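Worksheet: one structure, shown below.
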Amino acid sequence: MNRSDIETIIEKIASGSVVPYLGPGVLYDVRHDPSGESMPADSDSLILAMNRGRPMAPKLMYEFPRAAMNIELKRGRRFIEQFLTKLYGAEKWSRAALHDWLASLKPAYVIDINRDLQLQQSYQQVPHLLVRGIARIGGTDYRFMLHQHDGETYRCVTIEEADTSLPILFKPLGSPLPHPTYIASDADFVDYLTELMGGFGVPAFLKSQRKGKQYLFLGMRFTRDTERMVMSDIIHDAAEEAGWALIPNPTDKERRYCAKKGITIIEMALPDFLDVAQTAAFA
């Protein structure tokens, strides 16, 4: 794929026909202030951070939800929530270059499977709708919660109250603000994915708006079953050619999966993509 093709995709993101889908790799350059350590975002680094830097048994190191389930059984679900809230809500982190670029573009719809706050911070002065996944909770048939931001603060809204003309930030695995909610352990994912497949994990207005969309997967690998299942249901009703994925050195498994899903692989690293994107913004 040449430079002009990538610039065309970027133009479509700006127009709203292509939706950015953000995976852990978009946080590759985020550092802790003052230690300089990288932000734990992918499965392995999250497990190590949760377990105080110590590896867990190989079968638990396979995937973060499995490790989180093990810790939850020993220390309670509240421990996982407190860990993620402190990690992403209380610690100070530098800005990701990709989030700075998105902040300049402000797409009308962004999906972010990370649990940090950088996407929300990019829109903190812009009215928007925040959709976050919830699991194992009573009193509702849905597995999402809605908050509307007025450019200063969030307030909880119903589907009927939501201003669907606003930009939509979809964080299926949760975030610390406006109050902590996360999909983290195996038990969370079983509940969330069951309802997501049943149609109760996405608001009706978003189901309508997403029909025929294409997606650009950034910082996203397709090697883990849980992330692939979440993605598959969230992009339901995508265009036949579902979009593109930036994957340097893709595995054979990723090539097969993306071909099956109608996703074209762009063998390009994220920093190289950002060089093109930032140049295009000033062309």
Side-chain angles (χ1 to χ4, degrees), residues 1 6 9-10 13 18-32 36-50 61-65 67-68 84 87-88 91 93-105 107 109-122 169-175 182-184 189 214-232 234-235 242-258 261 263-278:
M1 181 169 284
I6 294 172
I9 294 171
I10 293 168
I13 291 174
V18 171
V19 178
Y21 190 113
L22 312 183
V26 303
L27 302 172
Y28 73 95
D29 57 344
V30 178
R31 299 291 181 269
H32 181 256
E37 295 181 358
S38 299
M39 174 185 275
D42 65 8
S43 182
D44 288 351
S45 62
L46 270 173
I47 294 171
L48 292 173
M50 180 175 62
M61 289 297 297
Y62 174 74
E63 200 169 30
F64 175 69
L84 291 169
L87 179 66
Y88 294 129
E91 300 291 352
W93 301 99
S94 67
R95 286 282 294 172
L98 181 126
H99 278 294
D100 280 342
W101 170 68
L102 279 180
S104 69
L105 206 60
Y109 178 31
V110 184
I111 301 164
D112 181 11
I113 67 165
N114 299 298
R115 301 175 181 89
D116 68 297
L117 287 169
Q118 297 223 2
L119 179 62
Q120 289 173 244
Q121 290 165 349
S122 296
L169 311 183
F170 189 6
K171 291 185 66 70
L173 306 189
S175 72
Y182 305 103
I183 309 297
F189 276 99
Q214 291 183 295
Y215 298 84
L216 177 62
F217 297 91
L218 299 163
M220 177 79 178
R221 300 301 300 247
F222 295 91
T223 55
R224 297 186 183 275
D225 293 339
T226 301
E227 290 181 354
R228 293 193 307 186
M229 287 189 289
V230 170
M231 182 278 293
S232 183
I234 286 176
I235 72 165
W244 306 265
L246 252 66
I247 307 178
N249 304 313
T251 65
D252 290 341
K253 182 178 181 180
E254 287 176 311
R255 291 184 188 278
R256 290 192 300 269
Y257 182 78
C258 288
K261 289 293 183 180
I263 298 168
T264 299
I265 293 177
I266 303 172
E267 296 189 38
M268 174 184 282
L270 193 55
D272 296 329
F273 169 82
L274 285 172
D275 285 343
V276 176
Q278 289 163 351

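Just so it is clear, the structure is predicted and the values come from calculations on it, not from any experiment.
Remark: the Thr223 side chain and the Lys253 side chain contain no N/O donor-acceptor pair separated by less than 3.5 Å.
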Evaluate the side-chain contact (heavy atoms from CB on, under 4.5 Å) criterion for residues Gln214 and Val19: first the C-alpha distance (whole Å), next the side-chain angles of each, then the deciding distance (0.1 Å), finally the verdict.
-> CA-CA 6 Å; Gln214 291 183 295; Val19 178; over 6 Å; no
Residues Ile113, Leu22; criterion side-chain contact (heavy atoms from CB on, under 4.5 Å); working and verdict | CA-CA 6 Å; Ile113 67 165; Leu22 312 183; over 6 Å; no
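Phe273 meets the ring pair (Phe, Tyr, Trp, His ring centres under 6.0 Å) test with Trp101; sequence neighbours excluded. For Arg255, the salt bridge (charged side-chain N to carboxylate O under 4.0 Å, His left out) test picks out Glu267, with sequence neighbours left out.
Between Arg95 and Gln118 there is a side-chain heavy-atom pair separated by less than 4.5 Å. Taking the side chain as every heavy atom from C-beta outward, Leu46 and Leu87 approach each other to under 4.5 Å. Counting heavy atoms from C-beta outward, Thr251 and Phe222 have side chains that stay 4.5 Å or more apart.
Ser45 places a side-chain N or O within 3.5 Å of a backbone atom of Asp42 that can act as its donor or acceptor partner.
Heavy-atom contacts from other residues, nucleotides or ligands closer than 6.0 Å to CD of Glu37 number 12 or fewer.
Checked for salt-bridge contact, Arg221 and Glu254 meet the test: a charged N lies under 4.0 Å from a carboxylate O.
Ring-plane geometry between His32 and Trp93 is classed as perpendicular, the angle between the planes exceeding 60 degrees on a 0 to 90 degree scale with a lower cut at 30.
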